Amino acid sequence: MQENKPDCYQRYPKDTMSSAVPRSGFVVFCVILVLTLTLYPVLKTLSVQIHSAITGSYVAGYHSVLLVNCPTEQTARDIGRYYWKGEIRDASEILLLVRTRTSLVQRLVAYVKAVHPYDIPEIISFPIDDGSQHYLKWMEDAVIDI
């Protein structure tokens, strides 16, 4: 004869409890995954900017340079006005193109800053991704490590 236990002592069947826990864990995992994928660009940008602020380093790709062809020198002057010390300025400038090795860029920046008449000279470096192999070979031979 089987003994009847009161309702308060009956256990839940194993199937009910074992399936509830993995489902809720799976749902939590999916929510975290979706949030991470959705917020990845924001989190990446934030972490790069925090790293930059702490180390004082530059965030690559934050600024851009535009190369604009102009039909006349006057058109270039009209477009090339800039803001400096609270006012709009217009100046004739000459663009100097310096070819060098990437490893020497910071030494050249220090030199230009030391001899340049501007308080803040425009010094921007563009790494070369590709180009004429003959020209790049010439640069390799012509630019010596100092």
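All heavy atoms count here, side chains included; hydrogens, waters and symmetry mates do not. Source: prediction; values computed, not measured.
- Qualifying side chain to side chain donor-acceptor pair (under 3.5 Å) partners for Thr55, counting only residues two or more places apart in sequence or in other chains: Ser57.
- Applying the side chain to side chain donor-acceptor pair (under 3.5 Å) criterion to Tyr111, with sequence neighbours excluded, gives no partner residue.
- Residue Ile123 is not grouped with residue Leu108 when hydrophobic side chains (ILVMFWY) are merged at heavy-atom distances under 4.5 angstrom, including chains of intermediate members.
- Clustering ILVMFWY residues whenever any of their side-chain heavy atoms sit less than 4.5 angstrom apart, transitively, puts Leu46 in a cluster other than the one holding Val48.
- When hydrophobic clusters are built by joining Ile, Leu, Val, Met, Phe, Trp and Tyr residues whose side-chain heavy atoms come closer than 4.5 Å, directly or via intermediates, Val34 is not grouped with Phe26.
- The side-chain contact (heavy atoms from CB on, under 4.5 Å) search around Ile54 returns Ile50, not counting sequence neighbours.
- A search for salt bridge (Lys or Arg N to Asp or Glu O under 4.0 Å) contacts involving Asp119 returns Lys85, not counting sequence neighbours.
- To the nearest 0.5 angstrom, Ile120 atom CD1 is 9.5 Å from Lys113 atom NZ.
- Leu104 and Met139 fall into different hydrophobic clusters, where Ile, Leu, Val, Met, Phe, Trp and Tyr are joined by side-chain heavy atoms under 4.5 Å apart, directly or via other members.
- Among pairs with a residue in residues 31-41, none fulfils salt bridge (Lys or Arg N to Asp or Glu O under 4.0 Å), at least two apart in sequence or across chains.
- Members clustered with Tyr40: none, using a 4.5 Å side-chain heavy-atom cutoff among hydrophobic residues.
- In terms of the side-chain contact (heavy atoms from CB on, under 4.5 Å) criterion, Ser47 has no residue partners (sequence neighbours excluded).
- The environment of His51 atom NE2 is sparse: at most 12 non-hydrogen atoms of other residues, nucleotides or ligands sit within 6.0 angstrom.
- Ile124 meets the side-chain contact (heavy atoms from CB on, under 4.5 Å) test with Val65, Glu122, Phe126; sequence neighbours excluded.
- Scanning for side chain to side chain donor-acceptor pair (under 3.5 Å) contacts around Asp129 gives an empty result, with sequence neighbours left out.
- Qualifying side chain to side chain donor-acceptor pair (under 3.5 Å) partners for Glu73, counting only residues two or more places apart in sequence or in other chains: Arg77.
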Between side-chain atoms of residues 96-103 and protein atoms elsewhere (two or more places apart, or another chain), which donor-acceptor pairs fall under 3.5 Å?
residue: Arg99; atom: NE; partner: Tyr135; partner atom: OH; Å: 2.4
residue: Arg101; atom: NE; partner: Val143; partner atom: O; Å: 3.0
residue: Arg101; atom: NE; partner: Asp145; partner atom: OD1; Å: 3.4
residue: Arg101; atom: NH1; partner: Glu140; partner atom: OE2; Å: 3.0
residue: Arg101; atom: NH2; partner: Glu140; partner atom: O; Å: 2.9
residue: Arg101; atom: NH2; partner: Val143; partner atom: O; Å: 2.5

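- For the side-chain contact (heavy atoms from CB on, under 4.5 Å) test, residues two or more places apart in sequence or in another chain that qualify with Ile32 are Val28, Thr36.
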